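Reviewing the structure listed below.
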Amino acid sequence: MTAHMTCAPPPVTVDCSIRHYCGEHAAHVHDGHAQLLYALAGRMELEVDGRSSFVDTACGLLIPAGSRHGYLAPPGAQMLVLDVAGIAHTALDKVRRFQVPAAARCAPQLMPAAQRLQLLLQSPALLPRRAVDMAAIEAQVRARLHSDWPTARLAALAHLSPQRFHARWQELTGQTPQQWLRQIRLDEAERLLARGRSLEACARSCGYATASALAYALRRDRQTGARHVRSQVPDCTRTEG
């Protein structure tokens with residue numbers, strides 16, 4: 001009597017990691033595993049089987065095993081990557097753009113990899129959409145921080161309507177455009193105050209109409225004031241200006 005032996009299926013492995021990039025680009029194929037990725041910071045341009053795509057903090061991408069893909073990651077980009085091997089699943093057979101759930105934007109140690117995979121596989125698919133270059137928009141805002149930046153002006157930088165831009169920006173950052181702008185202004189104001197700049201000069205540089213308006217914003221949003229900010233900085237690091 002001949003015994004019939006069946007081979008056990010390969011064990012399923014789901015590896016979750018955060019990867020940092022400094023402007024590199026490459027192209028390769030993962031024959032042994034599918035990959036799901038999305039951004040925790042920044043964005044990444046991709047070409048998968050000859051079709052262009054991208055990922056950011058709101059849009060993720062599933063790359064099936066065997067699909068050739070190239071990527072370009074700007075400096076500072078931070079991607080969360082799931083490598084999934086040993087599983088035959090129709091949901092992993094095709095390139096798919098998916099919405100990144102808010103719950104999935106946590107560090108790997110805060111959610112089991114298998115649970116994260118199920119969350120992403122159940123996430124709604126996304127149709128192709130216009131990319132929003134957050135780094136380019138932030139650079140333009142910081143270069144003209146003293147100017148007015150209504151949402152319509154920010155939206156024009158992304159070639160979107162104000163309504164669509166508002167929704168996309170909140171999706172990407174968790175903040176409305178104006179909440180994000182206030183944070184940028186106050187970060188710069190604190191930096192300048194720490195260097196010894198006067199409250200009036202900081203207000204002019206950061207887009208506040210008066211020193212009183214800046215002082216009020218610091219108290220309301222940061223629970224601090226100019227004197228306290230300066231007191232946290234050693235005297236030797238201050239420069240008047």
Side-chain angles (χ1 to χ4, degrees), residues 9-21 24-74 76-135 158 160 164-176 180:
V12 175
T13 62
V14 184
D15 180 63
C16 183
S17 61
I18 295 178
R19 302 181 189 178
H20 303 264
Y21 301 86
E24 59 265 42
H25 57 88
H28 49 228
V29 176
H30 302 142
D31 287 324
H33 65 271
Q35 191 172 78
L36 295 88
L37 70 159
Y38 53 93
L40 297 179
R43 60 197 296 269
M44 176 185 280
E45 303 290 341
L46 294 118
E47 183 179 272
V48 183
D49 291 336
R51 295 188 176 185
S52 62
S53 189
F54 70 90
V55 296
D56 56 25
T57 56
C59 304
L61 191 66
L62 188 161
I63 303 173
S67 290
R68 182 170 181 79
H69 56 283
Y71 68 86
L72 172 62
Q78 187 180 104
M79 300 291 140
L80 192 143
V81 180
L82 281 178
D83 291 320
V84 186
I87 182 172
H89 196 307
T90 55
L92 297 172
D93 288 345
K94 296 180 180 179
V95 176
R96 176 176 176 266
R97 293 173 58 79
F98 58 86
Q99 180 178 324
V100 179
R105 298 180 188 180
C106 60
Q109 64 269 24
L110 298 180
M111 180 184 293
Q115 179 183 338
R116 190 186 300 266
L117 174 63
Q118 289 305 311
L119 183 63
L120 298 181
L121 291 179
Q122 294 165 9
S123 185
L126 289 176
L127 296 174
R129 51 169 60 178
R130 184 186 295 276
V132 175
D133 192 338
M134 297 174 60
L160 293 171
R164 182 65 61 83
F165 178 80
H166 185 282
R168 289 281 284 120
W169 198 262
Q170 192 160 21
E171 185 182 48
L172 288 165
T173 67
Q175 299 175 301
T176 69
W180 171 83

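Sequence positions, counted from 1, serve as the residue numbers for this chain. All values reported here derive from a predicted model rather than from experimental measurement.
The side-chain heavy atoms of Leu80 and Arg116, taken from C-beta on, include a pair separated by under 4.5 Å. Within the 4.5 Å cutoff, side-chain heavy atoms of Pro108 are placed close to those of Ile18. With contacts defined as side-chain heavy-atom distances shorter than 4.5 Å, the pair Arg168/Asp56 qualifies.
Of all the heavy atoms in Arg96 and Pro124, the pair that sits closest is NH2-C, 3.7 Å. Looking at every heavy atom in both residues, Arg105 comes nearest to Leu40 through O-CD2, 4.0 Å. Pro64 approaches Lys94 most closely through the heavy-atom pair CG-C, 3.4 Å. Considering every non-hydrogen atom in both Ala103 and Leu119, the closest pair reads CB-CD2, 4.0 Å.
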TODO: Any chance you could lay out the side-chain contact (heavy atoms from CB on, under 4.5 Å) test for Ile63 and His30, step after step, and finish with the verdict?
DONE: CA-CA 9 Å; Ile63 303 173; His30 302 142; 5.6 Å; no
Open item on the list: Evaluate Gln170 against Gln175 for side-chain contact (heavy atoms from CB on, under 4.5 Å), listing each step before the verdict.
Closed with: CA-CA 5 Å; Gln170 192 160 21; Gln175 299 175 301; over 6 Å; no
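Between Tyr71 and His28, the ring-plane angle classifies as tilted under the 30° and 60° cut-offs.
Judged by distance alone, the side chain of Asp49 and the main-chain N or O of Arg68 form a donor-acceptor pair under 3.5 Å. Side-chain atoms of Thr57 come within 3.5 Å of backbone N or O of Leu172 as a donor-acceptor pair.
Interatomic distance, Glu45 CD to Asp133 CG, rounded to the nearest 0.5 Å: 8.0 Å. Atom CE of Met44 sits about 11.5 Å away from atom CD of Gln78, to the nearest 0.5 Å. Note that the CD atom of Gln115 and the CG atom of Leu120 stand 10.5 Å from one another [nearest 0.5 Å]. Expressed to the nearest 0.5 Å, how far OG1 of Thr173 lies from CE of Met134 amounts to 5.5 Å. One distance of note links CG of Leu117 with CG of Asp83; it measures 11.0 Å at 0.5 Å rounding. Here the straight-line distance linking atom CG of Leu37 with atom SG of Cys59 works out to 11.5 Å at 0.5 Å rounding.
By the neighbour-count criterion of 12 heavy atoms within 6.0 Å, atom CZ of Arg164 is sparsely surrounded, having that number or fewer from other residues, nucleotides or ligands. Atom NE2 of His25 has 12 or fewer neighbouring heavy atoms from other residues, nucleotides or ligands inside a 6.0 Å radius.
A cation-pi arrangement is absent between Arg97 and Tyr38, since the terminal nitrogen or guanidinium carbon is not both under 6.0 Å from the aromatic centre and inside a 45° cone about the axis.
For the residue pair Arg51/Ser53, the side-chain donor-acceptor check at 3.5 Å is not satisfied.
Here the options are Leu126, Leu36, Leu46, the test is side-chain contact (heavy atoms from CB on, under 4.5 Å), and the partner is Leu61; only Leu46 passes. Among Leu121, Asp93, Val84, the one residue that satisfies the side-chain contact (heavy atoms from CB on, under 4.5 Å) test with Leu62 is Leu121.
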